Amino acid sequence: MKITYIHHSSFLVELETMTLLFDYTEGAIPEIKKDKPLFVFASHRHGDHYSPKILERFDDFKAIRYILSDDISIKQMPEQTGKQTGEQTGNHITFMKPGAKRKFGIIQGSISDLELEDGIADIEIQTFRSTDEGVAFIIKTEGKVLYHAGDLNNWRWEGEPEDWNLAMAKQYSKEVDKMKGIRIDVAFLPLDPRQENAFHLGFDEFMKKVQVNLVFPMHCWGDFSVIKKIKSMEVSKPYKDRIMNIQEDGQSFIIK
């Protein structure tokens, strides 16, 4: 598995049989093999996580599926793309609400929807409710489990009323607790320096509650020093060796 950090909260994950692209808005995308199915994820409508241009960039791919949070409206999509009733537009876009599950099969090079009751799927996607907008994703494929948080985080802010911050922490814990017992191979988690002294709270809670083999910090707004900062904190001692050191856009990692 090859993982490339593109920018902000965007990652490209190259697997044996498919490629996954998360929350792309800008930055250089490595060349993607067109003979593999491509799944493009957008966790919510915010401009630092979703851009309508993703729906036009991969027009020449034969097998592609866009997995979009259902808070993304038709006004945020190219004019030629219409959001129909239900979860899908055409046969290449799937909208997912919080708490949803979808399964897909790769059949003769094409991506097909499967019923949830089907026992075998090439990729299974589950969503969780964000504490901001949209969803977080858990993806199961090729015997691996990946998690992209989107904006699911403990967004504690100085200046907000304490009851607001407490409600935020409670809401975050509620979603994270749903993932207890799931062993995640790779997680992509927010680590936002704008939160100042609270920058690590959501990251730390997730790593202590959920079994995670490797974690990629994201949503750092270009300030990668927060990665070194959390690794130096006593709270991260149980998991600091599992935090990947991102230093720049375009950096790639080979995960065995």
Side-chain angles (χ1 to χ4, degrees), residues 5-11 22-27 41-51 69 71-72 76 98-99 127-138 147-180 184 186-210 212 214-249 251:
Y5 173 69
I6 297 176
H7 179 73
H8 194 54
S9 295
S10 182
F11 293 84
F22 294 97
D23 282 15
Y24 178 79
T25 59
E26 61 179 284
F41 295 82
S43 63
H44 61 290
R45 63 188 177 182
H46 288 172
D48 60 324
H49 289 261
Y50 167 73
S51 170
S69 167
D71 72 313
I72 297 172
Q76 294 175 288
T127 58
F128 296 82
R129 184 177 300 278
S130 175
T131 45
D132 192 349
E133 296 276 0
V135 300
F137 297 105
I138 277 187
Y147 171 73
H148 191 284
D151 266 357
L152 175 53
N153 188 31
N154 182 355
W155 295 111
R156 181 181 181 88
W157 298 104
E158 292 294 329
E160 290 289 351
E162 186 61 18
D163 59 348
W164 189 94
N165 280 324
L166 290 174
M168 166 61 66
K170 184 178 180 180
Q171 184 183 354
Y172 181 68
S173 294
K174 180 181 178 181
E175 291 302 307
V176 173
D177 287 346
K178 295 175 184 177
M179 296 177 239
K180 287 182 177 179
I184 295 172
V186 176
F188 306 102
L189 299 180
L191 196 63
D192 195 320
R194 301 174 305 164
Q195 290 186 270
E196 300 177 316
N197 291 335
F199 83 102
H200 67 291
L201 294 181
F203 193 103
D204 180 66
E205 180 175 350
F206 193 94
M207 291 300 294
K208 288 178 175 175
K209 284 185 172 181
V210 185
V212 179
L214 293 174
V215 58
F216 286 81
M218 64 178 189
H219 216 278
C220 304
W221 298 99
D223 182 4
F224 303 117
S225 68
V226 292
I227 301 175
K228 182 178 180 180
K229 184 176 179 180
I230 192 172
K231 293 183 77 169
S232 69
M233 297 172 69
E234 185 67 23
V235 295
S236 72
K237 189 174 181 180
Y239 57 80
K240 66 179 182 179
D241 292 338
R242 289 179 273 147
I243 303 174
M244 304 302 289
N245 289 309
I246 298 175
Q247 298 175 322
E248 60 184 358
D249 290 5
Q251 189 175 355

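These numbers come from the heavy atoms of this one structure, side chains and all, not from hydrogens, waters or symmetry mates. Here the structure is a predicted model, which is why all the values come from computation and not from measurement.
With sequence neighbours excluded, the residues satisfying salt bridge (charged side-chain N to carboxylate O under 4.0 Å, His left out) with Arg194 are Asp192. With sequence neighbours left out, Ala198 forms a side-chain contact (heavy atoms from CB on, under 4.5 Å) with Arg156, Gln195, Leu201. Listed by chain and residue number, Phe11, Phe188, Phe253 satisfy the ring pair (Phe, Tyr, Trp, His ring centres under 6.0 Å) test with Phe216 (two or more places apart in sequence, or in another chain).
Heavy-atom minimum distance, Ala42 versus Tyr50: CB-CD1, 3.7 Å. The shortest heavy-atom contact between Ile246 and Pro217 is CD1-O, 3.3 Å. Minimum interatomic distance between Ser43 and Gly150 (heavy atoms only, all atoms of both residues): OG-CA, 3.4 Å. Shown here for Ala187 and Val212, the closest heavy-atom pair between the two residues is CB-CG1, 3.8 Å.
One N or O on the side chain of Lys208 and one on the backbone of Val235 form a donor-acceptor pair closer than 3.5 Å.
Residues His8 and Glu26 are not in side-chain contact: their nearest non-hydrogen atoms beyond the backbone lie 4.5 Å or more apart. Within the 4.5 Å cutoff, the side chain of Leu152 has heavy atoms near those of the Tyr147 side chain. Phe206 is listed as a side-chain neighbour of Met179, based on a closest heavy-atom distance under 4.5 Å.
Put simply, CE on Met244 and NZ on Lys231 are 8.5 Å apart, with the number rounded to the nearest 0.5 Å. Cys220 SG to Lys229 NZ: the interatomic distance, rounded to the nearest 0.5 Å, is 12.0 Å. Atoms CZ and NE2, from Phe22 and His49 in turn, are 13.5 Å apart once rounded to the nearest 0.5 Å. In this structure, CG on Leu189 lies 10.5 Å from OG on Ser9, to the nearest 0.5 angstrom. Atoms CH2 and CD, on Trp155 and Glu160 in that order, are 13.0 Å from each other to the nearest 0.5 Å. Here the CZ atom belonging to Phe199 is positioned 5.5 Å from the CG atom belonging to Leu191, to the nearest 0.5 angstrom.
Counting non-hydrogen atoms of neighbouring residues, nucleotides and ligands closer than 6.0 angstrom, the CD atom of Glu162 exceeds 12 such neighbours.
Counting only residues at least two apart or on different chains, the side-chain hydrogen bond (donor to acceptor under 3.5 Å, both in side chains) pairs with a member in residues 166-176 are Ser173-Glu205, Glu175-Lys178. The list of side-chain hydrogen bond (donor to acceptor under 3.5 Å, both in side chains) pairs with a residue in residues 232-241, not counting sequence neighbours, reads Asp204-Tyr239.
Tested against His7 for a side chain to side chain donor-acceptor pair (under 3.5 Å), the candidates Asp249, Asp48, Thr25 yield a single pass: Asp249.
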Test Ile243 against Met207 for side-chain contact (heavy atoms from CB on, under 4.5 Å), laying out the working first. CA-CA 10 Å; Ile243 303 174; Met207 291 300 294; 5.5 Å; no
Enumerate donor-acceptor pairs with a distance under 3.5 Å from any side-chain N or O in residues 131-138 to protein atoms, sequence neighbours excluded.
unit_1	atom_1	unit_2	atom_2	d
Thr131	OG1	Asp151	O	3.4
Thr131	OG1	Asn153	N	3.0
Thr131	OG1	Asn153	O	2.5
Glu133	OE2	Arg45	NH2	3.1

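Using cut-offs of 30° and 60° for the angle between ring planes, the Trp221 and His219 rings count as perpendicular.
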